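This report concerns only the one structure given below.
Model, not experiment: these values are computed from the prediction. Computed from heavy atoms alone, side chains included, the values below leave out hydrogens, waters and symmetry copies. Numbers restart at 1 for each chain; the letters A, B, ... are given by sequence-line order, proteins then strands.
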Amino acid sequence: MQKELNKKYNPAEFEDKLYSEWQEKGYFSPSGDKTKPSFSIVMPPPNITGQLHMGHALDNTMQDILTRYKRMCGFNSLWLPGTDHASIATEARIVEAMKKEGVTKDDIGREGFLERAWDWNRVYGGRIIEQLKKIGSSCDWSRTRFTLDEGCSAAVREVFINLYEKELIYRGIRIINWCPHCLTSISDTEVEYEDRAGSFWHIKYPLTDGSGFVYLATTRPETMLGDTAVAVNPKDERYKNLIGKTVTLPLVGRIIPIVADDYVEPEFGTGVVKITPAHDPNDFEVGTRHNLPLENMMTDDAKITDNYPKYAGMDRYEARKAIIKDLEDGGFLVKTEPHEHNVGTCYRCDTTIEPRASLQWFVKMEPLAKPAIEAVKSGDIRFIPERFEKNYLHWMENIRDWCISRQLWWGHRIPAFYCDECEELLVTKEENPTCKCCGKPMRQDPDTLDTWFSSALWPFSTLGWPNKTEDMESFYPTSVLVTAYDIITFWVSRMIFSGLEYTRKKPFSDVLIHGLIRDSQGRKMSKSLGNGIDPLEIIESYGADALRFALTTGNSPGNDMRFFTERVESSRNFANKLWNAARFIMMNIDETASSDSIETASLEDEDKWLLSLYNRLITEVRDNIDRYELGIAVSKLYDFIWDIFCDWYIELVKGRLIDKASKTNMSAQNTLTYVMSNTLKLLHPFMPFITEEIWQTLPHKGESIMISDFPVGNKELDFPHQEENMRVIIDAVRAIRNHRAEMNVPPSRKAKIYIKTDKTEFFTGKEHFFVRLASATQVELADKVFDDNSIQIITDSAEIYIPMSDIIDTAAEKQRLTKELEDTEREIERAQSKLDNADFIGRAPEKVVNAERDKVNRFGIIRDKVKEAIQKLQ
RNA sequence: GUGGGUGUAGCUCAGUCGGUUAGAGCACUUGCUUGACAUGCAAGGGGUCGUUGGUUCAAGUCCAUUCAUCCACACCA
């Protein structure tokens with residue numbers, strides 16, 4: 001034997017060791033065999049700010065299962081890892097850290113800041129990669145990428161310039177979401193809305209001609225400083241005469257027009273709206289239609305500008321109070337009522353965002369969205385589960401232009417240059433361009449790009465695009481993208497339109513969506529709640545295999561899952577079971593036992609039965625994984641290994657194994673070894689470590705289970721007759737155990753059994769099973785009626801008599817038999833009513849009809865025998 | 001407001017193309033120092049598949065209705 005398994009299953013002893021062995025041997029890299037089909041996954045790059053959390057653990061476990069499976073199936077397989085610079089999140093963390101040192105961005109300047117950021121990446125970017133290795137991720141680390149590395153940056157510049165030339169990127173003044181804390185614009189997807197209690201302030205603006213007032217209401221009175229009009233609906237009879245007049249803005253004194261616009265709903269509020277084009281997206285639209293000036297009344301950090309000396313420097317909420325007070329004092333405040341409304345907040349820092357007109361770069365979305373919608377509608381790109389297509393399509397179909405410029409330093413700098421002399425704008429790959437008209441050096445745009453701009457290119461920028469690389473050739477489009485549903489709009493949709501636009505190909509064929517891992521009460525795991533469970537701690541206590549198994553079992557695509565430590569425990573117990581089964585095998589086989597083939601000619605029925613079930617398992621597991629039904633695949637493996645292999649097969653053959661002299665000893669050894677070894681292969685994608693450790697210990701050919709061939713279904717291992725035979729035997733054993741348990745007969749109390757059956761061929765030579773598994777002392781087969789003085793156990797294939805009349809309670813036995821008779825009759829009735837139905841006979845498939853006939857027959861036999869048994873008792 | 005999910009055993013969840021008597025883990029009851037494993041073995045109890053209707057030979061599964069619950073998107077100043 002190669003080596004022995006430790007008596008105790010202790011994953012910590014071998015998981016890290018095996019991982020480094022795999023890595024050293026280069027198993028994680030693609031085979032490079034071009035004659036084989038390719039399989040590729042790009043890993044959703046974790047942020048360099050991050051620690052591995054349960055979501056990562058699930059996401060990467062799923063990717064690892066698929067990759068290991070495909071690799072074993074012979075595919076030229078690549079799982080490409082990497083990290084994301086996470087522009088805004090990382091910058092915020094660094095600024096925070098600097099604050100503790102009393103340093104600001106301005107103190108150290110752009111260069112100094114970027115130095116710190118790269119240092120940060122060196123420290124924390126590597127950390128998460130080490131954590132990913134802990135869960136067994138078999139990705140090709142030699143291809144590890146970073147969204148801000150040389151290649152990704154080149155791809156970003158290429159795309160930016162290309163889109164600019166196609167006029168799909170433009171620079172302009174639009175309303176954007178401004179975070180006054182992060183001091184940058186953010187995109188619509190990065191805004192989160194929450195309900196907040198607020199007020200509705202009703203105020204009146206005097207008409208300039210002194211003929212009265214217009215009454216309106218607002219939730220943000222401080223923005224009145226930026227009002228450049230008041231609007232009414234053109235169809236609103238009440239206000240028709242006001243259109244074209246002007247009002248004088250209270251507190252400010254500015255004279256502003258009353259305009260007519262359909263946007264105003266007469267039914268809502270007073271039907272009059274104050275228009276603040278620089279601070280509200282809808283007002284901005286109205287302003288554009290009516291050529292209204294933009295009056296920006298706030299600074300970057302949401303304070304009132306110097307244009308309004310009375311309020312200058314006040315924070316927006318302070319200013320609100322002051323303005324309300326002044327309005328009240330001036331008699332302009334009519335009333336205040338409570339009002340709940342949705343407030344947009346920054347997804348990174350939770351600060352209330354400020355809609356703000358600002359000069360930014362945008363991607364024109366409509367032309368890009370069209371093909372992206374088509375690709376999904378046509379089925380070229382498939383979501384699993386399908387329902388997420390709707391989410392995606394809904395978002396794509398209502399998409400607005402994407403604000404991509406950020407007032408941050410950590411990220412891809414926008415490759416646009418300005419000449420301060422002649423206002424020339426140049427978008428170029430050059431690093432220090434000069435102005436075309438005046439020859440002077442140009443100034444680069446200080447802004448960087450939205451972090452998702454580079455993530456959108458991830459499936460191909462990581463493979464070497466825009467260069468025509470071998471990796472692009474072999475692995476693009478990628479096979480499947482695995483991610484959680486909360487990131488479909490942020491990322492998946494942007495990869496789809498980017499891939500289609502720049503590479504003219506879809507970035508991936510399948511999008512496998514999983515849910516979130518919640519805590520045991522169903523809450524999202526979050527830092528603020530402190531309810532997160534650290535996957536690394538779980539691995540330490542239970543092993544990575546147990547964690548992976550727990551995350552996969554009972555999980556189905558798209559659905560959230562609660563995390564219970566008990567579940568990990570039961571997964572660990574399963575690993576322990578497998579470990580001990582392997583130990584048992586090791587103790588009972590010789591060196592000649594073989595794992596790579598099986599000679600079926602000399603096998604016993606129970607061996608063939610096991611092989612037949614194992615063979616079916618192969619097809620089912622393959623089928624389930626191919627359909628991304630990982631949870632189903634894994635539970636089939638669990639059932640087979642625990643119930644079939646351990647609880648039945650091993651128990652069935654113990655006798656043959658112990659008796660080394662028996663003629664059937666060797667065939668039991670071979671079957672055990674063969675099925676165990678190959679079942680390990682089926683399980684390997686799910687539990688890579690324990691399967692490798694055991695496989696290495698068993699007789700095997702080849703270096704590693706990781707690079708062995710995934711089993712293929714084999715017709716020669718189908719043994720329907722033996723399956724039926726063993727079913728009959730197992731049924732009989734169960735029936736005996738059941739009766740004995742119900743009558744509280746301890747296993748130590750052995751008894752003789754007599755079997756009366758038509759199917760003697762099923763029972764002949766199987767007597768020893770009853771001795772071993774059903775507490776029998778002696779088994780007698782005979783086609784005769786046995787003494788009344790015994791209990792009678794009835795299955796569809798036999799009547800079993802156990803002479804124990806002295807210990808049974810006749811009344812209880814009669815009651816039990818009566819209940820059994822009733823149950824049986826109910827089942828017969830149910831099946832018979834189907835068979836009596838001409839439609840059923842006519843329309844149901846023959847197989848189904850025969851199954852029902854068979855049922856009636858089987859239960860009919862049982863019924864008659866039970867009846868007989870009851871009579872005998874009387 | 002629009003769209004979507006979920007509702008199955010005490011708890012957490014599976015349930016593939018509509019087709020045997022609806023499953024698992026945990027929990028529970030009973031028995032077992034059976035030579036791999038008490039992280040175990042055997043036996044068992046526990047379900048009107050949220051409600052009501054419909055389609056079908058056949059519904060946990062498909063359709064409609066309604067209740068509960070969760071989420072996404074969009075928002076009226």
Side-chain angles (χ1 to χ4, degrees), chain A residues 5 7-9 188-189 193 200 216-220 223 231 263-265 267-276 280 282-283 341-342 385 387-388 390-391 394-395 398 485-486 488-489 515-516 520 522 542 550 553-556 558-564 566-567 569-588 620 623-624 627 629 631-632 635 638-639 646-647 650-651 654 658 734 737-742 744-748 772-773 775 823-824 826-827 830-831 834 837-845 847-849 851-852 854-855 858-859:
Chain A
L5 291 177
K7 186 143 191 210
K8 203 169 154 38
Y9 167 63
D188 295 340
T189 47
Y193 290 88
F200 216 22
L216 49 81
T218 178
T219 54
R220 301 203 52 199
T223 63
Y263 154 69
V264 182
E265 282 187 36
E267 313 305 322
F268 190 83
T270 61
V272 185
V273 186
K274 62 191 269 305
I275 300 295
T276 322
D280 181 278
N282 293 309
D283 292 8
H341 62 140
N342 258 0
R387 66 182 134 96
F388 288 101
K390 280 193 185 131
N391 276 11
H394 182 254
W395 188 76
N398 296 289
Y485 59 73
D486 60 347
I488 294 175
T489 49
L516 311 177
S520 60
Y542 299 98
T553 313
N555 201 347
S556 58
N559 293 330
D560 290 353
M561 182 189 212
R562 297 192 195 191
F563 190 90
F564 290 91
E566 291 87 335
R567 216 193 199 104
E569 229 166 87
S570 95
S571 301
R572 187 272 323 267
N573 292 352
F574 172 64
N576 183 62
K577 184 78 185 172
L578 183 64
W579 185 264
N580 279 293
R583 282 184 53 229
F584 173 80
I585 294 172
M586 307 300 306
M587 289 170 179
N588 287 285
E620 291 185 356
D623 196 47
N624 287 136
R627 287 150 66 171
E629 295 161 350
I632 297 174
S635 75
Y638 179 98
D639 290 345
C646 293
D647 289 346
I650 288 183
E651 296 305 325
K654 265 184 181 167
I658 289 161
R734 282 211 172 109
R737 283 174 175 173
N738 177 333
H739 280 66
R740 293 180 53 111
E742 273 183 23
N744 285 321
V745 185
S748 54
R772 180 161 281 280
L773 304 175
S775 303
D823 289 347
T824 310
R826 198 174 321 116
E827 285 310 319
R830 197 197 297 233
K834 285 186 187 176
N837 184 337
D839 284 331
F840 175 73
I841 305 287
R843 299 193 200 188
K847 220 173 102 183
V848 175
V849 176
E852 292 300 326
D854 188 48
K855 188 174 152 186
R858 281 191 296 121
F859 279 94

Can you tell me which nucleotide in [options] comes closest to the side chain of [X]?
X      : options                : answer
A:V848 : B:rU12, B:rU16, B:rG19 : B:rG19
A:K390 : B:rU12, B:rG4, B:rU39  : B:rG4
A:I632 : B:rC76, B:rA43, B:rU16 : B:rU16
A:T218 : B:rG19, B:rC17, B:rA77 : B:rA77
A:K274 : B:rU20, B:rA43, B:rA77 : B:rA77

[X]: what forms a side-chain hydrogen bond (donor to acceptor under 3.5 Å, both in side chains) with it, not counting sequence neighbours?
X      : result
A:E569 : A:Y542
A:R772 : none
A:T189 : A:S187, A:R494

Checklist entry - How would you label the glycosidic angle of B:rC73: syn (within 90° of 0) or anti? => result anti
Measure [atom1]/[X] against [atom2]/[N] and give the value in whole Å, please.
X      : N      : atom1 : atom2 : result
A:H394 : B:rA74 : NE2   : C1'   : 7 Å
A:M561 : B:rU12 : CE    : P     : 14 Å
A:H341 : B:rA77 : NE2   : P     : 8 Å
A:W395 : B:rU2  : CH2   : C1'   : 18 Å
A:R562 : B:rC70 : CZ    : P     : 11 Å
A:R740 : B:rA43 : CZ    : P     : 13 Å
A:F268 : B:rA77 : CZ    : C1'   : 6 Å

Could you go over nucleotides 46-48 of chain B and give all protein N or O partners under 3.5 Å, atom names and distances?
none

Taking only the [atom1] atom of each, what is the distance from [N] to [M] in whole angstrom?
N      : M      : atom1 : value
B:rG18 : B:rA58 : C1'   : 8 Å
B:rG10 : B:rG45 : P     : 15 Å
B:rG35 : B:rU39 : P     : 16 Å
B:rG53 : B:rG60 : P     : 15 Å
B:rU16 : B:rC11 : C1'   : 26 Å
B:rG5  : B:rC13 : C1'   : 16 Å
B:rG4  : B:rA77 : P     : 26 Å
B:rG7  : B:rG50 : P     : 7 Å

Determine the contact category for [X]: base if any of its heavy atoms lies under 4.0 Å from a base atom, sugar-phosphate if only primed atoms, P, OP1 or OP2 are that close, otherwise nothing.
X      : result
A:Y542 : nothing
A:N559 : sugar-phosphate
A:G554 : sugar-phosphate
A:T219 : sugar-phosphate
A:N738 : sugar-phosphate

Checklist outcome for this item: Whether each nucleotide of nucleotides 22-37 of chain B has a protein heavy atom under 4.0 Å at its base (B), only at its sugar-phosphate (S) or at neither (-) is summarised, 5' to 3', as ---S----S----BBB
Next on the checklist: Students often mix this up, so state it plainly: with edges at 30° and 60°, are the rings of A:Y9 and A:W579 parallel, tilted or perpendicular?
Outcome noted: tilted
Checklist entry - Going by distance alone, is a donor N or O of one side chain under 3.5 Å from an acceptor N or O of the other, for A:S556 and A:N559? => result yes
Would you find a donor on one side and an acceptor on the other, under 3.5 Å apart, between the side chain of [X] and the backbone of [Y]?
X      : Y      : result
A:D280 : A:T276 : no
A:N738 : A:R734 : no
A:N588 : A:F584 : yes
A:D560 : A:L516 : yes

Item to check | Heavy-atom donor-acceptor pair, A:R572 side-chain to B:rU39 base, under 3.5 Å | outcome: yes
Item to check | From A:L216 atom CG to A:K274 atom NZ, the distance as rounded to the nearest 0.5 Å | outcome: 8.0 Å
Checklist entry - Is there side-chain contact between A:V848 and A:F840, with at least one heavy-atom pair below 4.5 Å? => result yes
Checklist entry - Using Watson-Crick pairs (N1 to N3, plus N6-O4 or O6-N4) and G-U wobble pairs, both distances under 3.5 Å, which stems of at least 3 pairs involve RNA chain B? => result B:1-7 with B:67-73, B:10-13 with B:23-26, B:28-32 with B:40-44, B:52-54 with B:62-64
